[in-house]
J.: 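Below are the structure tokens for one structure; questions will follow.
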Number of protein chains: 2
Amino acid sequence: MNEDVARPRQPSMADVARVAGVSAQTVSRALRGSAHVNPDTGRRVLAAVEQVGYRFNSAARALSSGRSLTVGLVLLASGGYYSRSAVTAGVESAADDAGYAVSIATIASLDARRMERALARLADQGVDGLVIAVPLISVTRKMEDITRDIPTVTLDGSRTAGARVIGIDQREAGRIATQHLLDLGHRQIWHLSGPDEWLEARQRREGWQECLALAGIEAPPALEGDWSPGSGYRQGQIIAMIPEVTAVFVACDEMAFGLIRALRERGRAVPEDVSVVSVDDIALASYCTPPLTAVRQDFFGHGAAAVRLLLQDGVTVEPSAVEATLSVRASTAPPRPR
Amino acid sequence: MNEDVARPRQPSMADVARVAGVSAQTVSRALRGSAHVNPDTGRRVLAAVEQVGYRFNSAARALSSGRSLTVGLVLLASGGYYSRSAVTAGVESAADDAGYAVSIATIASLDARRMERALARLADQGVDGLVIAVPLISVTRKMEDITRDIPTVTLDGSRTAGARVIGIDQREAGRIATQHLLDLGHRQIWHLSGPDEWLEARQRREGWQECLALAGIEAPPALEGDWSPGSGYRQGQIIAMIPEVTAVFVACDEMAFGLIRALRERGRAVPEDVSVVSVDDIALASYCTPPLTAVRQDFFGHGAAAVRLLLQDGVTVEPSAVEATLSVRASTAPPRPR
DNA sequence: GGAGGGTATGTTATCGATGACATGACGACA
DNA sequence: TGTCGTCATGTCATCGATAACATACCCTCC
């Protein structure tokens, strides 16, 4: 009766079809650029879309096509702010380029229940793929049954059934950092690692150990932090009390900030008394005092590459293609001659 | 015929219903804890859910109920890493608590087309609400027609039709920082602001100006950065050349890092020659050299509060309830007596 | 004891897009 | 000229959950 009464409903394909004088199916075909649509018809459809202000309904599309055009991103609440943020940006950028949306789930470390819930939520949403940036060893296992059905790319190391992996070789990062210190003439090279649960923490530590072993040096015991600057500070207080230490390889920039602060407060100058090299090379690394020597990780690039790998299904891409490079700055120097 | 042939389909409510010996509708009611379900039936349904491994299909739910149980988060690619990451975590945490998923869209500053696309993507996804953390003045306008249909909460200042706003009073942040410097005895207090387009940059600058005016001091011209440490460094090189300056109020921590580095390189000690106070108080602020005096912003709390405000529809919550506090550290001191 | 009301459950239509299949028009080729 | 293939388009069933309506049962109260 009253055709023009306010109806808050969004226009649907049927509305477009009515205006364009075609069937809804033709609208669908035209909009997806499918074959077998007369160019004229296509233009009419596009005009009608414009006219009625049509927006496609992704729920309906997901339901009928079985694909949600969404990728899930799983992050860990702990760990560096910088890396999380950059990885997220990279994932989102690549996903956007491919017309995909990104749905995030952050999990609190170690809490298996929350983790399962987060993954389950993404699974419920029907994400077409998962990017997992949670390289916790304990976590990887538990994810397997959920991720089995969903194409998955894992960032930085952990290995899930059927998942593909992308990331820099963390062992290599450890080696590069350690070798730099060896080249400067250091022999007492300590290590402040990330939590042992993290695969990348282990791998960096292994790189450090291997490199020392190759140089015929026995590795001192590794100290362990939790990636936070505060933990770097606490471990730095310990290291400051060991006079032999002339160099420290720190597993991430944020801990390095804390460690350097502790060393300075205890009267040990960086780099004069102790050289510090770390991993990540965040934006602030160039601007602290002293500017930090660090192995660079391209988080944004990793995130983007992970999505490309994920969506490019079938196509084989060589994983872990990103290289680690060293940014040499002022926090490292030859040891003081004695 | 062959009932047990592999079918990769996820079990649906109908499958659950069959096993439980009830109708699909009853399953739906039982799962949503709806009234009028016999406790016994409820238990049977739950058991059947367990048995067949049922997971609800959010696309179908969204289609039929019109609600997607998803909130959209709009971020800006530029701006601090720390804040983005913390806001995201806060949003996601509160959303998760309420059973909502989070879909993100990052927009590149100033590019109206990308921005519209990002918002359109979220709208297409049928998000039930939007949290907008993009306080660009130029951007706010353009968002209005898209956000009109969707409940929206804006973080930090910008004001959209029908949107609610949450965040600390940025003017107040500027005042607190400036007053701290005045209290220490400074009179030549300069300001390095964020991009003029950002509402919060303007407001912090206005707070600084007002505070100086109240003290009977004419504000010097404000310098402008882009939030990055690099821009802080460049502007710091300029400030280092102006001997009168004894204090700088910097609009964010990351720029402060750059600025301090430039000052030190030019032989101006912090805080002996120049005091520096900034806004944000990121985790690294306590660990740089010197530790940074900063006005704290609780980004995580903001993000979480925004979501709560968004989902609590109908209920009136007083917006902008979060207070700014000053963390006094070693980057500020009384001016050198002359 | 029949009307009225609440509870537990089933049936049917619907959301919006798409896949599968059907149809009509046109041209090519034997 | 009749058959066949291709193109352009339409029709119908379907995805899975839910809203709206319908039904069957039991209880209470006048």
Side-chain angles (χ1 to χ4, degrees), chain A residues 7-46 48-49 52-70 99 101 123-128 149, chain B residues 7-46 48-49 52-70 99 101 123-128 149:
Chain A
R7 57 162 180 190
R9 219 185 79 241
Q10 288 276 100
S12 76
M13 273 197 179
D15 301 314
V16 175
R18 206 169 305 123
V19 171
V22 296
S23 76
Q25 183 60 231
T26 300
V27 174
S28 171
R29 277 193 278 255
L31 289 183
R32 281 178 301 159
S34 161
H36 307 320
V37 174
N38 187 306
D40 262 5
T41 311
R43 272 188 290 276
R44 258 205 341 274
V45 168
L46 256 45
V49 162
V52 305
Y54 170 76
R55 326 234 48 178
F56 82 86
N57 179 318
S58 71
R61 167 176 294 190
L63 181 58
S64 76
S65 73
R67 300 188 314 130
S68 61
L69 296 183
T70 299
D124 289 347
Q125 280 190 269
V127 296
D128 294 331
D149 313 334
Chain B
R7 56 160 183 192
R9 218 185 81 240
Q10 288 277 102
S12 76
M13 273 197 178
D15 300 316
V16 175
R18 205 168 307 122
V19 171
V22 296
S23 75
Q25 183 59 228
T26 300
V27 174
S28 171
R29 279 193 278 253
L31 289 183
R32 280 178 301 158
S34 163
H36 307 321
V37 174
N38 188 305
D40 261 3
T41 311
R43 272 189 289 276
R44 255 201 349 270
V45 167
L46 256 44
V49 162
V52 305
Y54 170 75
R55 324 236 48 181
F56 81 87
N57 178 320
S58 71
R61 167 176 293 188
L63 181 58
S64 75
S65 73
R67 299 186 316 130
S68 62
L69 296 183
T70 299
D124 288 349
Q125 280 191 269
V127 296
D128 294 331
D149 312 336

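Values in this document were obtained by computation on a predicted structure and should not be read as measured data. A note on names: the letters A, B, ... follow the listed sequences, proteins ahead of strands, and every chain is numbered from 1.
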J.: In whole angstrom, what separates B:Arg18's CZ from D:dG16's P?
T.: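 To the nearest whole Å, that distance equals 11 Å.
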
J.: Can you confirm whether B:Gln125 sits close enough to B:Ser68 that some side-chain heavy atom of one is under 4.5 Å from a side-chain heavy atom of the other?
T.: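 A side-chain contact is absent here, since even the closest heavy-atom pair is not under 4.5 Å.
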
J.: Could you check B:Val22 against A:Ala24 and say which one's nearest nucleotide on DNA chain C is further toward the 5' end?
T.: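 Nearer the 5' end of the strand: B:Val22.
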
J.: Roughly how many Å is it from CG in A:Asn57 to C1' in D:dG16, rounded to a whole number?
T.: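 The distance from CG of A:Asn57 to C1' of D:dG16 comes to 14 Å, rounded to the nearest Å.
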
J.: How long is the line joining OH of B:Tyr54 and P of D:dG16, in whole Å?
T.: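 In whole Å, D:dG16 P and B:Tyr54 OH are 10 Å from each other.
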
J.: Among the nucleotides C:dT18, D:dG16, C:dT9, which one has an atom lying closest to any side-chain atom of A:Ser65?
T.: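 The listed nucleotide nearest to A:Ser65's side chain is C:dT18.
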
J.: Do you know which two heavy atoms are closest between B:Asp128 and B:Arg67, and how far apart they sit?
T.: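 In terms of heavy atoms, the two residues are closest at OD1-CA, 3.5 Å.
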
J.: Quick one: is A:Ser28 getting a side-chain N or O under 4.0 Å of the C:dT18 phosphate, OP1 or OP2?
T.: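 Yes, because at least one side-chain N or O of A:Ser28 sits under 4.0 Å from OP1 or OP2 of C:dT18.
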
J.: Rounded to the nearest 0.5 Å, what separates atom OG1 in A:Thr41 from atom CG in A:Leu46?
T.: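 Here the rounded value is 11.5 Å.
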
J.: Is any side-chain N or O of A:Gln25 under 3.5 Å from a base N or O of C:dG19, one able to act as donor and the other as acceptor?
T.: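 A donor-acceptor contact between them is present.
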
J.: Between D:dC26 atom P and B:Asn38 atom CG, what is the distance in whole Å?
T.: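 That distance rounds to 13 Å.
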
J.: Kindly say if A:Thr41 contacts the phosphate of D:dT9, meaning a side-chain N or O under 4.0 Å from OP1 or OP2.
T.: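 Indeed, a polar side-chain atom of A:Thr41 lies that close.
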
J.: Can you give me the closest heavy-atom contact between B:Gln10 and B:Asp15, atom names plus distance?
T.: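 Heavy-atom minimum between the residues: O-OD2, 4.3 Å.
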
J.: Rounded to the nearest 0.5 Å, what's the gap from CG on B:Leu63 to OG on A:Ser58? Could you check?
T.: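 The CG atom of B:Leu63 sits 10.0 Å away from the OG atom of A:Ser58.
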
J.: Does A:Arg29 have a side-chain nitrogen or oxygen under 4.0 Å from the phosphate oxygens OP1 or OP2 of D:dA8?
T.: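 False: A:Arg29 side-chain N/O out of range (4.0 Å or more) of D:dA8 OP1/OP2.
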
J.: When we call it a touch if two heavy atoms are under 4.0 Å apart, what does A:Ser23 touch: a base, just sugar-phosphate, or nothing?
T.: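 Counting heavy atoms under 4.0 Å across all strands, the contact made by A:Ser23 includes a base.
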
J.: Quickly work out the B:Arg61 CZ to D:dA19 P distance and round it to whole Å.
T.: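 In whole Å, D:dA19 P lies 10 Å from B:Arg61 CZ.
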
J.: What is the minimum heavy-atom distance between A:Pro11 and A:Val52, and which atoms define it?
T.: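 Closest approach of A:Pro11 to A:Val52: CG-O, 3.3 Å.
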
J.: In whole angstrom, give the distance that lies between atom CE of A:Met13 and atom P of D:dG10.
T.: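 Computing the A:Met13:CE to D:dG10:P distance gives 13 Å.
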
J.: Compare side-chain N and O positions of A:Thr26 against OP1 and OP2 of D:dG10 and report whether any pair is under 4.0 Å apart.
T.: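 A:Thr26 to D:dG10 OP1/OP2: side-chain N or O found under 4.0 Å.
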
J.: Could you report the tightest heavy-atom contact between A:Leu69 and A:Arg61, atom names first, then the distance?
T.: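 Answer, listing the atom of A:Leu69 first, then A:Arg61: CD1-NH1, 3.6 Å.
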
J.: Check this one for me: any side-chain N or O of B:Arg32 less than 4.0 Å away from OP1 or OP2 of D:dA19?
T.: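 Affirmative; the distance criterion is met.
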
J.: If pairs are Watson-Crick or G-U with both distances under 3.5 Å, what is the dot-bracket string of DNA chain D, marking crossing pairs with [ ] and pairs to another strand with |?
T.: ||||||||||||||||||||||||||||||

J.: Grab the CG-C1' distance between A:Asp15 and C:dC15 for me, whole Å please.
T.: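 Distance, rounded to whole Å: 13 Å.
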
J.: Starting the side chain at C-beta, find the nucleotide from C:dG19, C:dG16, C:dT9 nearest to B:Val37.
T.: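 Minimum distance to the B:Val37 side chain belongs to C:dT9.
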
J.: Rounded to the nearest 0.5 Å, what separation is found between the CG atom of B:Asn57 and the CG atom of A:Asp124?
T.: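 The CG atom of B:Asn57 sits 9.0 Å away from the CG atom of A:Asp124.
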
J.: Considering every strand and a 4.0 Å limit on heavy-atom distances, what is the contact class for B:Val27: base, sugar-phosphate, or nothing?
T.: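 The residue B:Val27 makes no contact with any strand.
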
J.: Can you check the B:Phe56 CZ to D:dA17 C1' distance for me, whole Å?
T.: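 B:Phe56 atom CZ is separated from D:dA17 atom C1' by 11 Å.
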
J.: Quick check for you: among C:dA17, D:dA17, D:dG16, whose closest atom lies nearest to any side-chain atom of A:Leu63?
T.: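 When the side chain of A:Leu63 is considered, D:dG16 is the closest of C:dA17, D:dA17, D:dG16.
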
